[in-house]
*Asks:* 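Pasting a structure here, questions to come.
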Amino acid sequence: MTLHISSLHKSFAKGVATGTVNVLSDISLSIDAGSFVSIIGPSGCGKSTLLRLIAGLARPTSGTIQLDGELISGVSEKTGFVFQSYALFPWLTVVDNIAFPLAMKNVPKAQRRAQAMEYVGRFGLSGFERSYPVELSGGMQQRVAIARSLIDNAEVLLMDEPFGALDSQTRSCMQQFLLEVWRQTCCTILLITHNIDEAVYLGQRVICLTQRPARVGDDIPVEVPYPRDVTSDEFNVYRRRILRFLDREHSAAPGGNPSC
Amino acid sequence: MAIPQRYERIVCIALLLGMWELVSAAGLVNPVLIPPPHRIVQAMLELLLNGLPAGKLLHRHCLESLLRVAAGFAAALAAGLPLGLALGRSARLRTLCTPLIEIVRPIPPLAWIPLAILWFGIGLQSAAFIIFLGCFFPIVLNTVTGVLTVDAILIDAARVCGADDRRIFTRVLLPAAWPSVCTGMRIGLGIGWMTLVAAEFTGVKSGYGLGYMIMTARDIQRPDYVLAGMALIGVVGFLLDMLLQALQQRVIATREPRAV
């Protein structure tokens, strides 16, 4: 699944008096099938909006997004979405949460259970298939969410700060887990993060978005083989480059206000 | 002395009844005006076996009252639930309907009795109408709150899982709003039950009804019968609430900490 984004603009109506807010301005990107791309940028710059547009949850003001040459005009079953807050259905068990996309396609119950149970086993959730989300740890909930996004054979996985709510140990464990999932499924992954280390550790490419209205400020190929060593010198070169970029963006915040 | 936990809930009731009995036995109150508990139990048995007026037995009074409540409650649910869901979904509809609802809501159901009798005559229909008014508003308002407090991210999650509008309604909005809907039903049924007994004070056609029975007991100056009727109303109201609580937990096992 190759993803083509060309001159994408998005603005929101703010109010009658204040007019519109430009969130994304002229974003063009081409993302190869099967690649892992990290997207980083200052807080509130419109990273999530970009992901929602690709998912078909919102419509661009102008510009196009194409998936393998097909224009995205709504939610596509080829894309899966993972939210920071997991967004699991609290009234469904682990199995039923994972199988939810299949239920939406009227797959018979026994079959979707069986398919979901495969993920339960592969994702280290055995013994919790009948549990409810609230009974799981954050890492487990996010694994359920990833399973749910993949079960319908998604080829593009959109992740909106998926590990932002996890503690650092669980986070690094989930990063390993995600790389393993990526290796096995060969899907394209777009991952939004605030965390420079995470962006460099995971992505084959780190796309840096500017302050709102967001443009592509830098596009950095990370030419370090996996598994990566976060303490290596070359890793630091990438970190420094992104850190400098973000610092510059923060100081260029509208009106000179610190954006934090 | 340790009390087994399952009996703890009746400790307060037992203590109160015991003290009441003692105060009465000591001759501190007029036993005709405030009959002791054992007299009330005796009165209940007399009502059950001989009836009041003679031949109109207690369980029939209770059943007739329950029938009226069931009719009014069912109508309120049938009208209130869809209206609440629609109002929760549409800001426009809320703006249009809220003033009307908030003006009609404070009118006590009992103030409708003269009109109810004019419109429906004395009988099941007018009683059900009064109950309906008591149940309707809590059901509508709590359903609206339930829908409004559904996490928008869950709707997005369902959408990226391929849910259409109908499925979002049945698989997300309804279960997510369910705890709140149940709270509305519990409050509504409680108000309906209170309203019913008062509504029966104005007269019933069949000669049955707990409220009607209490008025008859007043006419023949039997406070023990009055108290027996009141006690039964309380116990039945309590049981109805327990029934709805069980329903709340059974129909959709929302494992989120419930705020009731």
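Nothing here was measured: the structure is a model prediction, and the numbers come from that model. Below, chain A is the first sequence line, B the second, and so on; all start at residue 1.
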*Asks:* Do the non-hydrogen side-chain atoms of B:Val160 and A:Ser149 ever get within less than 4.5 Å of each other?
*Replies:*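 Not touching, per the 4.5 Å side-chain cut-off.
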*Asks:* Is it the backbone or the side chain of B:Asp156 that comes under 4.5 Å from a heavy atom of chain A, or both, or neither?
*Replies:*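 Interface part for B:Asp156: both.
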*Asks:* Tell me whether the count of non-hydrogen atoms from other residues, nucleotides or ligands lying under 6.0 Å of CE in B:Met230 goes above 12.
*Replies:*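 No, because the 6.0 Å sphere around CE of B:Met230 holds 12 heavy atoms or fewer from other groups.
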*Asks:* Does any part of the side chain of A:Phe89, heavy atoms only, come nearer than 4.5 Å to the side chain of B:Arg171, both counted from C-beta?
*Replies:*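 No. Closest side-chain heavy atoms not under 4.5 Å.
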*Asks:* Need one label for B:Arg159: side chain, backbone, both or neither, based on atoms under 4.5 Å from any heavy atom in chain A.
*Replies:*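 Answer is both: backbone and side chain atoms of B:Arg159 are under 4.5 Å from chain A.
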*Asks:* Do other residues, nucleotides or ligands put more than 12 heavy atoms under 6.0 Å from B:Tyr208 OH?
*Replies:*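 Enclosed: over 12 neighbouring heavy atoms sit under 6.0 Å from OH of B:Tyr208.
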*Asks:* Is the number of heavy atoms from other residues, nucleotides or ligands within 6.0 Å of CZ (B:Arg89) greater than 12?
*Replies:*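 Not more than 12 within 6.0 Å, no.
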*Asks:* Does CD belonging to A:Glu70 count more than 12 external heavy atoms closer than 6.0 Å?
*Replies:*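 Counting other residues, nucleotides and ligands, CD of A:Glu70 stays at 12 neighbours or fewer.
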*Asks:* If you look at every heavy atom in A:Arg148 and B:Cys161, which pair is closest and at what distance?
*Replies:*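 Nearest heavy atoms, A:Arg148 then B:Cys161: CD-SG, 3.7 Å.
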*Asks:* To the nearest 0.5 Å, tell me how far B:Leu174 CG sits from A:Trp91 CH2.
*Replies:*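 Answer rounded to 0.5 Å: 9.5 Å.
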*Asks:* With a 4.5 angstrom heavy-atom cut-off, which part of A:Ile151 approaches chain B: side chain, backbone, both or neither?
*Replies:*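 Neither part.
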*Asks:* Please flag which part of A:Ala154 lies under 4.5 Å from any non-hydrogen atom of chain B: side chain, backbone, both or neither.
*Replies:*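 Contact with chain B: none, neither part.
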